[in-house]
Amino acid sequence: MITTPLTADLVRGALELEHTGRGLAPHRLPARARAQNTDPRLAVAEAQPAGVRLRFRTAADVVELETLPTKLVYTGAPPRPDGVYDLLVDGELVAQGTVQGGNTLTVDPRTGAGERRAGSAGTVRFGGLGAHPKDVEIWLPHHEITELLALRTDAPVEALPERRVWLHHGSSISHGSNAASPAGTWPALAATAAGVDLVNLGFGGNALLDPFTARALRDTPADLISVKLGINVVNADLMRLRAFGPAVHGFLDTIRDGHPDTPLVVVSPLYCPIHERTPGPGDFDHEALARGEVRFRATGDPAERAAGKLTLEVVRDELARIVTQRQAEDANLRYLDGLALYGEADFAELPLPDALHPCPAAHRRIGARFAGLVLDFKGA
């Protein structure tokens, strides 16, 4: 077996690769942004390699990836399955695997506080791939912090040329919550269908218009940018309408400082009945949690909308208004109503299993629709 050094031209989708002394830890926010963050939940989310994958060309029949995973355990919630590694050959999913063992991070879901316990590394092995030249991608577990230690193959590996880059920011749905596997998250599916390189800055619970996230988007090269905003601002009960509009303007202004002409799509929230007309904060459904089920609920009062509390309906109206206003001076700015990706009729057919996040079939539908509506570079 040949051991190939893990370098940035092989690891795609990360904004930074931290050298740990053992290997590489992919990060989806740069060090400066991480230093400004005070939320432990975001610290975990950005270190989870959603959208990060190894991408290379090889004639290898066998591929091994040694990693040190960090398994998440949420206090009071059912155990989570081991993270899945998806192996794609020439764009098609052909194999999956997991890595046993690893570190354990026990997290209080209400506060984000965690306690880490050290564990051992492991290896995921893919064989029977055929000893012929092919493009290989290994998508890392989207909900499992993963330190990359070694890539081993039975034939040489070479980096693939860069493709058009789609840079995306969003919430836990973009991060991949309830997706079956990392290549089955809607952004991964959309990127694979369109043949573009994805940089996924979807952070569970943390699409909150943070200035350091806007600066990360500003400073990342991209051919197309999308920002899916609103659901976390509502379920975190973070701000009122008075603050939301200026915050969105500031977020977009910062992105435009680095990308004055890059196509930029503002995407409003998908359909989510618990928050359509009911403000946050969101919370766990504690009766369901006692039964071993994870479900969410909205705890706000619909009457509080009059005082400026945000709902998804309010957010969609405000985002549409902001984009329309800015389009007078920004011809490359576009609004996409999230209901065109997943609306009320989709909910009736493919309901949200936990009342907040789409099921694997809905991820596939959203990804296909986004690829068709946004990621069509033909003729560009």
Is there side-chain contact between [X] and [Y], with at least one heavy-atom pair below 4.5 Å?
{"X": "Val267", "Y": "Leu229", "result": "no"}
{"X": "Gln96", "Y": "Tyr85", "result": "no"}
{"X": "Leu54", "Y": "Leu140", "result": "yes"}
{"X": "Asp354", "Y": "His357", "result": "yes"}

* Audit row: Glu293, Arg295, salt bridge (Lys or Arg N to Asp or Glu O under 4.0 Å) steps and yes/no -> CA-CA 6 Å; Glu293 303 172 12; Arg295 291 184 63 83; 5.5 Å; no
* Count the heavy atoms of every other residue, nucleotide or ligand shown that sit under 6.0 Å from CZ of Arg32, and state whether that count exceeds 12. =>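 Check fails, neighbour count at 12 or below.
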For [Y] together with [X], are the ring centres under 6.0 Å from each other?
{"X": "Tyr342", "Y": "Tyr271", "result": "no"}
{"X": "Trp186", "Y": "His175", "result": "no"}
{"X": "Phe251", "Y": "His169", "result": "yes"}

Could you check whether [Y] and [X], counting side-chain N and O atoms only, form a donor-acceptor pair closer than 3.5 Å?
{"X": "His286", "Y": "Arg297", "result": "no"}
{"X": "Ser181", "Y": "Asp86", "result": "yes"}
{"X": "Thr153", "Y": "Glu64", "result": "no"}
{"X": "His168", "Y": "Ser226", "result": "yes"}

* To do: Indicate yes or no for a side-chain donor-acceptor contact from Arg117 to the backbone of Thr106 under 3.5 Å, with no hydrogens or angles considered.
  =>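 It does not hold such a pair.
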* To do: Taking salt bridge (charged side-chain N to carboxylate O under 4.0 Å, His left out) as the test, write out the residues that go with Asp135, two or more places apart.
  =>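 Scan of Asp135 (salt bridge (charged side-chain N to carboxylate O under 4.0 Å, His left out), adjacent residues dropped) gives Arg57.
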* Show the numbers, then the answer: is there a side chain to side chain contact (heavy atoms under 4.5 Å, CB included) between Leu333 and Val266? => CA-CA 8 Å; Leu333 180 65; Val266 175; 4.0 Å; yes
* Taking all non-hydrogen atoms of both residues into account, name the closest pair between Ala298 and Ile274 and its distance. =>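 The pair with the smallest heavy-atom distance is CB-O, 3.1 Å.
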